[in-house]
*Asks:* 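Handing you a structure now.
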Amino acid sequence: MERRTGEQCAVLFLDLDRFKGINESLGHSIGDQLLVTLARRLEACVRRCDTLARLGGDEFAILLEEIGGLEEVTAVCDRIHAALRQPFLVGGCETYTTMSIGVVYSDGAQSASTLLSNADTALYRAKAQGGACHTVFEETMHQRAVTLWQLSNHSQQAVQRQEMHIRYQPIIDLTTGQTTSVEALIRWNHPQHGSISPAEFIPVMEETGVITDIGYWVLRAACQQVSQWQQNLPRHLRPTVNVNVSPRQLTHFALIEQIEHILAETGLAAEQLRLEITENALIQTIDLSMQVLKTLQQLNIGLCIDDFGMGYSSLSRLQQLPVDTLKIDRSFIRHIKQDGENIEIARSIVDLARSLDMTVVAEGVETQHQLDQLKTLACHKVQGFYFAKPLLPDAALRFMQATASV
Ligand code: C2E
Ligand code: MG
Ligand code: MG
């Protein structure tokens, strides 16, 4: 890429989300067909004067020359995401995929290799945000990306050094006021970098692959903790446990064996464990994870769609999924006003859950009026800072004991 200076241009670095999974499950020839169709769709998203190149594997780059501003670049990215929302017909079956895009916007002063390297850094950030999105490069990204990547690769040692622990956030039944379950949420206190949010490090671990080890550790530690509570609590107080799982865990059949092993080891009954999968992760991996989900259901392990309402699950899909709980994304709860304004999305999710015979949980409940409004909808369960933040085990146990006597 030879560039003149003084001219506005943008470089887009594109990468298919979870292409490896498609290759592994559907075979390389299907993977190749998908790449050909994808390249045609990408071509249709850019102007004739733009350059589209395949960098190798499932990586592409686009050079947009003589552009008017960042809005134009964003429009191209939006077109690409929209083009991918149509299913791909490969090998006689329909499959869906998404792309992450790193964008670097330039006045042409940087060399081609710097532009590509910066676009790659932005791409990495887009992946870390869960994929299926685009991110524009900023200088500060470099250091944070490198740090997180390095930290993620040392996460096993972090577990051994006890820098990681689990907190438990109570989930309360709205009719009885009792804590029926707890959600296990991982925490990482790094000696130099302080507390790192799971929203930041989980996506990196997902990318580097260490999530399968850390995920196993969380599952095991949470089941152990809850099993111990079970033995020391009267029957009517015994909580079940919700554990978040990542797409990479869900598309591996090893998850089933791991869970069976953990349940046998800890003595926790299968119906006392529920896995939470975000709606977006579920949509992205559905073809690959369906078999795992069905087996989990046969084992009596509960399944909850987390952050529901943020993705685009079709109703027919939802009905086919072996899911028993919907968790309303907290952004829909946050906007509920005292007079019930903005309650419509929560209402429709509660109605949807009821018509599909599923349990519905509202998360992120912070105020009394949000709670009152959710009661009018007859939402089944609630979770949020109004009741309790994610708690250390001892405090969680005290909370459960206190709500048992209400
Ligand atoms: P999530 O599963 O949707 O978990 C709920 C998040 O909302 C938690 O953030 C919790 O602390 C926060 N939250 C709960 N109630 C309220 C509230 O009333 N107001 C507000 N503002 N926030 C509330 P956290 O612990 O930072 O976790 C973020 C995300 O990281 C989780 O979202 C989950 O997707 C992921 N995560 C956490 N632990 C694990 C894990 O062990 N494995 C995997 N795969 N993902 C995890
Ligand atoms: Mg969750
Ligand atoms: Mg959630």
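Both counts, for ligands and for their atoms, begin at 1 and track the order of listing. Heavy atoms only: backbone and side chains are in, while hydrogens, waters and symmetry mates are out.
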*Asks:* Do protein heavy atoms approach atom 32 (O) of ligand 1 to less than 4.0 Å?
*Replies:*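 Looking at atom 32 (O) of ligand 1, one finds that no protein heavy atom lies closer than 4.0 Å.
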*Asks:* Which atoms of ligand 1 sit under 4.0 Å from any heavy atom of Glu363?
*Replies:*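 Numbered from 1, ligand 1 contributes 3 (O), 5 (C).
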*Asks:* Which atoms from ligand 1 have a heavy atom of Glu366 less than 4.0 Å away?
*Replies:*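 Counting atoms of ligand 1 from 1, those under 4.0 Å from Glu366 are 17 (C), 18 (O), 19 (N), 20 (C), 21 (N).
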*Asks:* Which ligand 1 atoms does Pro390 reach within 4.0 Å, using its non-hydrogen atoms?
*Replies:*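 Checking each atom against Pro390, I get 11 (O).
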*Asks:* Tell me whether Glu183 reaches ligand 1 (any heavy atom closer than 4.0 angstrom to a ligand atom).
*Replies:*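 True for this residue.
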*Asks:* Looking at CD of Glu183 and OH of Tyr168, how far apart are the two atoms once the value is rounded to the nearest 0.5 Å?
*Replies:*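 The distance works out to 11.5 Å.
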*Asks:* Please tell me if atom 11 (O) of ligand 1 is touched by the protein, where touching means a protein heavy-atom distance below 4.0 Å.
*Replies:*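 Protein heavy atom within 4.0 Å of atom 11 (O) of ligand 1: present.
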*Asks:* Can you name the nearest heavy-atom pair linking Ala61 to Leu55, along with the distance?
*Replies:*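 Closest heavy-atom pair between Ala61 and Leu55: CB-CD1, 3.8 Å.
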*Asks:* Is Asp306 touching ligand 1 with its side chain, its backbone, both, or neither, if touching means heavy atoms under 4.0 Å apart?
*Replies:*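 For Asp306, only side-chain atoms sit under 4.0 Å from ligand 1.
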*Asks:* Answer yes or no for atom 5 (C) of ligand 1: protein heavy atom present at a distance under 4.0 Å?
*Replies:*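 Within 4.0 Å: yes, protein heavy atom nearby.
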*Asks:* Any atoms of ligand 1 less than 4.0 Å from a non-hydrogen atom of Gln169? List them with their elements.
*Replies:*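 Checking each atom against Gln169, I get 14 (C), 15 (N).
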*Asks:* In Å, rounded to the nearest 0.5 Å, how long is the span from NE2 of His369 to CG of Leu374?
*Replies:*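 The NE2 atom of His369 sits 10.0 Å away from the CG atom of Leu374.
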*Asks:* What do you reckon, does Arg187 put a non-hydrogen atom under 4.0 Å from ligand 1?
*Replies:*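 A heavy atom of Arg187 does come that close to ligand 1.
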